[in-house]
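Some notes on the structure that comes next.
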Amino acid sequence: MKIPYKPQEIESKWQKYWDDNKLFEVDEYTDRPKFYLLCMFPYPSGVLHMGHVINYTLGDAIVRYHKMLGEEVLSPIGWDSFGLPAENAAIRLGIPPEENTVKNIDRMRIQMKRAGWGYDWRRELATSHPGYYKWTQWLFLQFFKRGLAVKKKAPVNWCPNDQTVLANEQVHDGCCERCGTEVIQKDLSQWFFTMSAMSQRLLDNHTKLTQWPENVIKMQQEWIGRSEGARIDFTITETGDKVPVFTTRPDTVFGVTFMSLAPEHPLVEKLVCGTPQEREVMDAVKRMRQLGTSVKELLGLEKEGVFTGFHITNPVNGDVVPLWVANFALMTYGTGAVMSVPAHDQRDFEFAKKYGLPIKVVINPKDSRLDPQTMTEAYVADGVQVNSGQFDGMPNREAMSAIISWLDKNRFGSRTINYSLRDWLLSRQRYWGVPIPIIYCESCGLVPVPDDQLPVTLPKNVEFKPTGESPLKQCSDFINTKCPKCGKPARRESDTMDTFVDSSWYMYRYIDPRNENAVFDSDLVNKWAPVDFYIGGIEHATMHLIYSRFFACVMHDMGLINFEEPAKRLFCQGMVCKTAHYCNTCKWLQEDEVNAGVCLKCGATVVSEVAKMSKTKLNTVNPDEIMNKYGADTMRLYILSDTPPDRERIWSEEGVHGASRFLHRLWDMVHDKLSDLTANSANLGERSDDKKLLRITHRTIKQVTGDIDQNIQFNTALARVYELVNAIKSSNDCSPAVMREAIETLLKVLSPITPHICEELWSKLGNTQSLLTTRWPELREEALIEDTITVVVQINGKVRTKLTVAPDITEDDLLNTAKSDEKVSTMIEGKQILKEIVIPKKLVNLVIR
RNA sequence: GCGAGAGUGGCGGAACUGGCAGACGCGCUGGACUUAGGAUCCAGUGGGGCAACCUGUGGGGGUUCAAAUCCCCCCUCUCGCACCA
């Protein structure tokens with residue numbers, strides 16, 4: 001009688017078993033080798049998506065593998081639970097963010113348990129919980145006390161109608177997404193972490209990250225954007241104001257024919273104020289600043305500028321050149337001022353051509369001379385200095401450092417390294433975030449909230465209005481307080497923190513999650529951290545992964561931790577994609593609304609594309625539905641099979657079905673073989689399939705171990721597992737011991753991926769302890785040895801035949817065997833053998849003529 | 001534009017430091033068992049050819065006894081950055 005495979009039944013059974021036996025609870029004081037695996041925690045949207053499924057299944061499989069290696073494995077989970085969506089829901093639907101968040105977390109926790117992901121739930125944390133954000137605030141104050149958290153002015157997108165700050169994605173075509181009013185740039189005083197000062201250290205520490213993907217390192221390097229050059233101080237001819245610029249081409253400083261300031265440059269307003277050209281300049285500035293706000297995609301945008309009426313004196317030669325405001329000059333890079341050398345910079349060249357500004361050549365190619373009149377583009381390559389005073393005739397590479405030294409000596413400038421990494425703007429004019437624990441007092445100024453008054457909690461009875469204004473600002477109970485220093489009435493900071501602050505240190509709190517007296521116990525964290533294996537999406541390559549590296553450096557300097565990098569090894573999983581269908585009239589369509597490329601609603605032709613799963617494109621798959629239909633093991637198996645985990649995968653229902661079928665076959669097969677294993681196995685002696693099955697069993701161990709441990713290639717690991725299954729099936733003449741070893745090995749190596757079915761079958765084999773507490777199968781090298789091997793014989797590089805020979809055959813014997821092969825001998829008969837190549841154990845190649 | 005990566009059957013993808021291209025799976029074809037099959041089992045499956053054999057890893061050239069793999073040129077796609085002075 002056949003016992004049917006009922007995934008849902010056995011899955012809940014084993015989930016309860018793991019739970020009851022506390023198999024994922026960690027003893028932080030253990031003497032065993034530790035392993036800390038962390039998956040990036042989710043925002044609690046209320047429903048799991050396939051991106052979570054790949055991320056957490058991958059993590060869980062590695063966790064289970066390491067547990068089977070006998071390590072004490074820390075695998076925590078929590079919630080990145082502050083953020084905009086909850087606040088928007090509060091505004092739209094009137095649900096308080098906290099209530100909504102708790103409800104969503106409860107729902108997702110159930111889904112996670114159903115998927116069979118093993119976590120130490122005693123360590124669960126939520127960044128929106130006061131027990132957590134108390135310490136986010138404490139860390140902020142530590143940063144503040146070290147001068148790493150500072151207040152300075154910064155431009156924000158401001159809607160004059162709603163009187164509120166807008167995030168970049170809330171600005172559409174320069175207008176407020178909510179009311180359509182034109183958005184302006186407004187300077188607000190905001191909190192920053194002075195991360196830019198850490199630029200070089202963040203770059204240098206990359207050398208420690210040998211187990212991070214190279215592309216992440218590259219992206220970070222570009223993000224930090226180090227460039228070497230010089231600072232040169234120019235002077236406003238009319239007023240004497242100093243204007244420092246940064247340039248990577250100090251060798252072209254004699255060729256400056258104008259200067260460009262960023263529209264936001266503070267000098268612009270200061271200079272033109274009260275002049276006849278004020279209106280024209282400021283109008284242009286306003287226009288240019290607007291372009292900068294939102295639609296960066298509006299590329300190819302025309303170089304634009306306006307003459308300020310003022311001039312600049314070039315310190316190196318006394319040249320007086322016009323001062324312009326230009327839209328290509330960025331306030332956020334360098335000093336916000338560019339020395340413009342149209343002859344040798346393409347951007348400056350285009351600008352000069354457009355506005356009829358002079359072009360002055362200071363570097364000529366080796367064997368020719370440039371003529372400013374006929375140039376059609378800037379000459380940016382190397383050459384020889386001309387029109388450059390005492391540097392004439394010098395190769396420009398040499399001139400670079402010579403000019404810098406000379407500038408330095410004459411105090412016109414100096415060698416400088418510039419970074420594009422900016423300070424971290426962490427103020428958010430929002431409710432649902434960590435309140436910044438600062439009090440403003442009229443007599444004492446800016447006062448940090450004393451540690452014993454932390455946490456500064458979010459008030460609950462606030463009103464969410466659709467204006468976008470933070471409710472904190474209007475909440476007088478919250479805002480009004482007493483100065484901790486002098487006791488006089490004072491006001492609280494109403495901004496909250498960027499949620500990236502919360503996620504910059506959560507990996508340490510997991511280790512000591514309920515500590516009420518300290519952010520964490522440093523000894524414990526130094527034992528468990530850094531994270532051994534960190535898994536998450538590539539979209540965090542620059543933001544989260546730079547912020548948390550910055551935090552680690554600071555916390556190291558504070559003496560909280562004794563390392564500078566949060567994670568030793570990083571793995572970024574690929575996106576989950578699915579075909580999406582678009583109809584011009586009916587917009588995005590569900591899978592079942594399309595047939596043979598035609599829209600079933602209107603009959604129009606449908607355009608289909610593979611795209612990342614998203615709600616708007618209607619190409620999502622709900623994990624709950626997959627688990628209902630096939631069970632968690634099938635979902636886990638499918639998501640790890642076929643495609644390497646770091647690549648984008650295309651969801652296919654057939655693939656899921658195939659995974660399900662495999663598990664059914666596995667189930668049936670083990671049941672079929674059960675009687676062979678329990679049969680009286682007193683009969684001794686080797687059986688005909690023994691050696692082969694044993695060899696395949698151990699080959700599987702070897703390859704699966706490598707694929708999981710080193711390569712993180714579950715697709716190839718699974719291919720090997722499938723081969724073992726096929727081998728077991730076709731082995732009809734085996735001794736019970738060999739068969740048992742094969743099946744037990746199979747269940748062990750498969751268990752990290754599909755743990756429930758493996759546990760169930762494992763127990764049916766008569767085992768009483770969980771696979772999680774057994775040991776990963778050990779490789780016996782001698783079992784891999786083959787009796788015979790296949791060697792290829794090529795003639796002129798083409799395979800002509802294959803030989804079956806003993807593995808230890810000598811090269812001479814191999815060559816002779818090849819030559820005397822019937823087919824080969826007829827082919828080489830009467831020909832001249834020019835060369836004989838013998839690669840032991842692989843091939844023989846005869847070159848003949 | 002700059003930077004990085006990738007192009008292999010109908011599809012997802014294998015292939016160690018150059019050594020049998022297409023592992024494994026999906027799909028498809030034929031067959032078996034079935035009242036039935038989105039079940040299971042057997043066989044087949046890069047293309048061409050009855051066959052021996054020929055041909056084949058985006059295109060072109062090169063190195064080599066031997067190239068998916070190394071070198072040069074070109075094409076296409078994906079990702080990241082995007083006026084970075």
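Note that this is a predicted model, so its numbers are computed, not measured. Every chain is numbered from 1, with letters handed out A, B, ... down the list of sequences.
One can place OH of A:Tyr722 at 15 Å from P of B:G13, the figure rounded to the nearest angstrom. Residue A:Leu718 contributes atom CG, which lies 13 Å from atom C1' of B:A23 at whole-angstrom precision. B:C26 atom P lies 15 Å from atom CG of A:Asn715, rounded to whole Å. For the pair A:Glu350 CD and B:C83 C1', the computed distance is 9 Å after rounding to whole Å. Rounded to whole angstrom, the span from the CG atom of A:Asp672 across to the P atom of B:C41 amounts to 10 Å.
Between the C1' atoms of B:A6 and B:G49, the separation comes to 35 Å (whole Å). Comparing B:U40 with B:C26, their P atoms sit 9 Å apart, to the nearest whole Å. Comparing B:G18 with B:U55, their P atoms are spaced 25 Å from each other, to the whole Å.
The residue A:Arg649 sits apart from the nucleic acid: no heavy atom pair falls under 4.0 Å. A:Ser420 comes within 4.0 angstrom of a nucleotide base, judged by non-hydrogen atoms across all strands. Within the nucleic acid shown, A:Glu648 comes within 4.0 Å of sugar-phosphate atoms alone, with no base atom in reach, counting heavy atoms only. The residue A:Ile650 sits apart from the nucleic acid: no heavy atom pair falls under 4.0 Å. Using a 4.0 Å heavy-atom criterion, one finds that A:Asn215 contacts no nucleic acid atom at all. Across all strands shown, A:Asn726 has heavy atoms under 4.0 Å from sugar-phosphate atoms exclusively, and none from any base. A:Lys612 comes within 4.0 angstrom of nothing in the nucleic acid, heavy atoms only. Residue contacts shown for A:Lys802 include a base, since a base heavy atom lies under 4.0 Å away. Here A:Ala329 lies in heavy-atom contact (under 4.0 Å) with a base. Counting non-hydrogen atoms under 4.0 angstrom, A:Glu222 reaches a base of the nucleic acid. Residue contacts for A:Gly706: at a heavy-atom cut-off of 4.0 Å it reaches no nucleic acid atom on any strand shown.
Between the side chain of A:Lys842 and the base of B:C20, no donor-acceptor pair under 3.5 Å is found. Between the side chain of A:Arg661 and the base of B:A39 there is no donor-acceptor pair of N/O atoms closer than 3.5 Å.
Taking the six-membered ring where tryptophan is involved, the planes of A:His344 and A:Tyr379 are perpendicular, since the angle between them exceeds 60° and thus also 30°.
Helical stems in RNA chain B, defined as runs of 3 or more consecutive Watson-Crick or G-U wobble pairs with donor-acceptor distances under 3.5 Å: B:1-7 with B:75-81, B:10-12 with B:24-26, B:27-32 with B:40-45, B:46-48 with B:53-55, B:58-62 with B:70-74.
You'll find the ring centres of A:Phe351 and A:Trp324 inside the 6.0 Å limit.
Nearest to the side chain of A:Arg647, among B:G80, B:A85, B:G13, sits B:G13.
The shortest non-hydrogen separation linking A:Val793 to A:Ala818 is CG2-CB, 3.9 Å.
Side-chain N/O atoms of A:Lys729 include one lying less than 4.0 angstrom from OP1 or OP2 on B:C41.
Here A:Arg661 pairs with nothing under the salt bridge (Lys or Arg N to Asp or Glu O under 4.0 Å) rule; sequence neighbours left out.
Along RNA chain B, the nucleotide nearest to A:Ser652 and the one nearest to A:Arg800 differ in position, and the one closer to the 5' end is contacted by A:Ser652.
A glycosidic torsion no more than 90° from 0 defines the syn conformation, and B:G9 adopts it.
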